Amino acid sequence: MTNNQSVLAWIKEMTELVKPDNTVWIDGTEEQANELRAQAEATGEIEALNQEKLPGCYLHRTAINDVARVEHRTFICTKKKEDVGPTNNWMESSEAYATLSKIFDGSMKGRTMYVIPYSMGPVGSPFAKAGIELTDSIYVVLNMLIMTRVGKNVLDVLGDSNDFVRGLHSKAQLDEENRYICHFPEDNTIWSVNSGYGGNVLLGKKCFALRIASYQGKNEGWMAEHMLILGIENPQGEVKYIAAAFPSACGKTNLAMLIPPEFYAKKGYKVWCVGDDIAWIRIGEDGRLWAVNPEAGFFGVAPGTNVKSNPNALASTRQGTIFTNVVHNLDDNTVWWEGLDKNPPKNAVNWKGEPWDCTDGSKGAHPNSRFTAPAINCPCISSEFNNGTGVPLSAIVFGGRRAKTAPLVYQARDWEHGVFVGSIMASETTAAATGAVGVVRRDPMAMLPFCGYHMGDYFGHWLEMGKKLGDKAPKIFNVNWFRTDDEGHFIWPGFGDNMRVLMWILGRCAGEADAVETAIGYEPKPEDIETEGLDINTDTIAELLHVDSELWKDEAKGIREFYAKFGDHLPKELYDQLDGLESRL
Ligand code: OXD
Ligand code: MN
């Protein structure tokens, strides 16, 4: 499929290492995909679902010890430890290659090695980057066909260039003790072994589009961020775009596919999804920030997805989708998960492949069970989704899950203050996860597990971008949908009603909405948040916007402790911002 000598030499070297019985190049055609599906069905790797109700849909189960990303087995491998910073696991590159080479040695004997040429971003777009993933898993091939743009045209665009990310993946023995997800940003390389779970093995996603790309972005002057991108269209047909970063379990996919409340829908407002997880962001010719979603599909968490919480995500999964670790409903050969509806199937198999009795109190689907769905299935997918020049950003939004501290929304005073706001992002742990409840976890820009270099330098890169943008920089905001009352109930309704907050944000960007200055930034006046159709009055909005100075003084102490970890890599500007916050408090 290519004469690119760097590609061919690298594949030859990897082939000699993993020693597959044969090699198959993935060309992106439907014929080849069908052949692979048939093979994977024959071995039981995937099961075809009811093709009338769920055309083109399949079910897969991972090994039960292999159901999530493994952060403690994820490494950034560089020559110098200092380059990865305190928030990443580090291995010295040559040591990592040596350790993993032993595991990879002969790992594909008796197996086929698939060569997947893929593009992150629309093929040929100035934002796009090529990758090649070598894998011994058909499941990986079928998922990559949904999540990325795969085929010969990627190699055609690559030409003779050496600028592609080299991904090597082998399920090997799925041995937990020898599971490694290693990134070599200095070599454009990713090696992943002994896992078959999406986030560890679909190398285009977290590994390339965030960890490697964040490093490339720093060196090349652009940004790879853990952000959704959505557009809000007004009744005149003008669309404004927002990129937003949230840690996991804060409703990112739901916000990306938001359904406008009736108040706005009736007036003709619409919301369009450009992406639900990752944004690649560059300064355009006009000096503004432009973003593309480098992915082609959604790798979403199934449990909790239903017609109410996210009808657009659910609709996206009705065809051409791979379900992983959900319940198999044997009566009609469909799928189910907790929170889909109130009718768990009676005749069913759980995510482990065992007969499941829905009345025995056990979970049928794994809490991290997933759907891999083509983005073009989404009823609200943006017409700009495949546009290689991206969409211009009016606003950047950060958010977390805070019971008391963060108000519903506030605006940073300027870009530099906005970088500070992103750097102090945090969420409180919920009862849903193991460990203590209410513990603050700092997750700057939601990039803690995904930044491929020293996070102090990453903050520095954000500040640099701001200098280049000058007055063309988008405005930066922070939101918190999760304030609770004294009984621990959420005060804000969330979901579609979050649009009411986004509308104030866009109003600020257009210079139309009012604000008041507080110690932490600009806030709406309570009456600036539209409440028509809500059973919430402006007093409640005032409560949601209240800034408690005592809590914030504690917060500032926590931030200072957190910043200390980054040593002299932490930009002085952020300490100045912290001093400023403390003095205003
Ligand atoms: C994801 C994550 O899977 O952020 O998107 O963990
Ligand atoms: Mn994510």
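Just follow the structure's listing: the first ligand is 1, and inside any ligand the first atom is 1. Remember, it's a predicted structure, so these values are computed and weren't measured experimentally.
- A donor atom on one side chain and an acceptor atom on the other are found under 3.5 Å apart for S195 and N200.
- Classification of K129 and E220 as a salt-bridged pair holds, one side-chain N sitting under 4.0 Å from a carboxylate O.
- Note that the CE atom of M445 and the CH2 atom of W462 stand 5.0 Å from one another [nearest 0.5 Å].
- Two residues are said to be in side-chain contact when any heavy atoms from C-beta on lie closer than 4.5 Å; P122 and F127 fail this criterion.
- A heavy-atom cutoff of 4.0 Å around ligand 1 is satisfied by the protein residues R69, K206, H226, D277, R370, F450.
- Residues K171 and D66 are not paired through a salt bridge, judged by the lack of any N-O separation under 4.0 Å between the basic side chain and the carboxylate.
- E428 pairs with exactly one of R442, R401, R402 by the salt bridge (charged side-chain N to carboxylate O under 4.0 Å, His left out) rule, that one being R402.
- A salt bridge is absent between K206 and E71; no separation between the charged side-chain nitrogens and carboxylate oxygens falls under 4.0 Å.
- A salt bridge does not link E177 with R179: every distance from a Lys NZ or Arg NE/NH1/NH2 to an Asp or Glu carboxylate oxygen is 4.0 Å or more.
- The number of protein N/O/S atoms found under 2.8 Å from the Mn ion (ligand 2) is 3.
- Side chains of S107 and V193 form no contact here, defined as non-hydrogen atoms less than 4.5 Å apart.
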